[in-house]
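Heads up: numbering here begins at 1 and tracks the sequence. First listed ligand is number 1; within each ligand, the first listed atom is number 1. In this text, all values refer to a predicted model and were calculated from it rather than measured experimentally.
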Amino acid sequence: MTLAFSKMHGIGNDFVMVDCRQRAFPLEQAQIRAIADRRTGVGFDQLISIEPPRDASCAFYYGLWNADGSPAGQCGNGVRCVAAWLHRAGELAIGDTVRLESPSGPVTVRLTGPNEVTVDMGVPKLEPASIPFRADATATQYAIEVDGDVLQIGSLSMGNPHAVVVVPDLQAPSLDRLGPLLTAHERFPDGVNAGFVQQIDRGQLHLRVHERGSGWTLACGTGACAAMAVLRLRGEVDAQVKVTLPGGTLSIEWAGPGATLWMTGPAAFVFEGEWWG
Ligand SMILES: N[C@H](CCC[C@H](N)C(=O)O)C(=O)O
């Protein structure tokens, strides 16, 4: 088969975008994995389809798959790229605000420039059952044993599961071992995106994320939202925070529990192509 696609990224978190506005999503899991291969395929952290909405209150639906072919519930860097892709396709104008439907529910995006998007990411879900995470009660901190170490983590859902660990040094070699172990931890029955965050001050965080289904990425939008929210819940950051990841910086705004969380950042086109699978 041949498949036209757009290659995009959001601060280095890279995506293959597939236009399914007039066609059913055409790929099996093995084909998704084949396209993800950075040597014999195209390479991506997530593959994103743009489809007609299932929820009539939304303009479009976007499907999400990780590099290993597993489905994902939300993608913060990805939804900014969906908005920029829709603008390039003539479906959105700069200044438009539109509801888009993700696998975990609707989000609202505002195109503030051809390559800058603000997203209402919804209300972070704190209850362990909604993450899902095996814990007796909702808390701002959980003790979890990983490979003989006891880590203190925060955990919540942004429509996908996140664990957040505060560390003094993002370059510590131990993180290379802890990331995959935390992602696969048995207390996260669906796996988890594992974020390691170094706090600079009440308005700045540095973050690395080992993503479920894709491994270490240059950036993770929902991971940035989760890291800020975890520290906000502990009273350790202000309501507006810059989160810097290896690929770039996002602006996150969240007043606190029950409030909707906003993320602002760029979206970039790289090339158009055709996959010959
Ligand atoms: N890169 C995405 C997150 C992908 C999440 C996916 N790894 C999963 O939940 O399985 C982001 O910018 O939010």
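Protein heavy atom closest to atom 7 (N) of ligand 1, with residue, atom name and distance, is R212 O, 2.8 Å. Shortest contact from atom 12 (O) of ligand 1 to any protein heavy atom: G221 N, 2.7 Å.
Near N160, the atoms of ligand 1 lying under 4.0 angstrom from a non-hydrogen atom of the residue are 3 (C), 5 (C), 9 (O). Taking every heavy atom of A72 and a limit of under 4.0 angstrom, the matching atoms of ligand 1 come to 6 (C), 8 (C), 10 (O). Atoms of ligand 1 lying under 4.0 Å from at least one heavy atom of N77, given by number and element, are 11 (C), 12 (O).
With hydrogens and angles left out, the side-chain atoms of T217 and E211 include a donor and acceptor closer than 3.5 Å.
The shell of residues lying under 4.0 angstrom from ligand 1, judged by heavy atoms, includes Q74. Residue N13 places a heavy atom under 4.0 Å from ligand 1. Look at C220 and you'll find a heavy atom under 4.0 Å from some atom of ligand 1.
Atom NZ of K7 has more than 12 neighbouring heavy atoms from other residues, nucleotides or ligands inside a 6.0 Å radius. Heavy-atom contacts from other residues, nucleotides or ligands closer than 6.0 Å to CD of Q152 number more than 12.
For the ring-ring contact (aromatic ring centres under 6.0 Å, His included) with F5, the qualifying choice from F271, W85, W275 is F271, the only one to do so. Screening F269, Y62, F15 for a side-chain contact (heavy atoms from CB on, under 4.5 Å) with C81, the sole residue that qualifies is F15.
By the 3.5 Å distance cut-off applied to N or O atoms, G76 is counted among the residues near ligand 1.
Between D176 and R208 there is a salt bridge, since a side-chain N of the basic residue sits under 4.0 Å from a carboxylate O of the acidic one.
At a heavy-atom cutoff of 4.0 Å, ligand 1 is contacted by the side chain of N193 but not by its backbone.
Counting only non-hydrogen atoms, the option in L245, T222, N66 that gets closest to atom 6 (C) of ligand 1 is N66.
The CZ atom of F44 sits 15.5 Å away from atom CE of M8, with the distance rounded to the nearest 0.5 Å.
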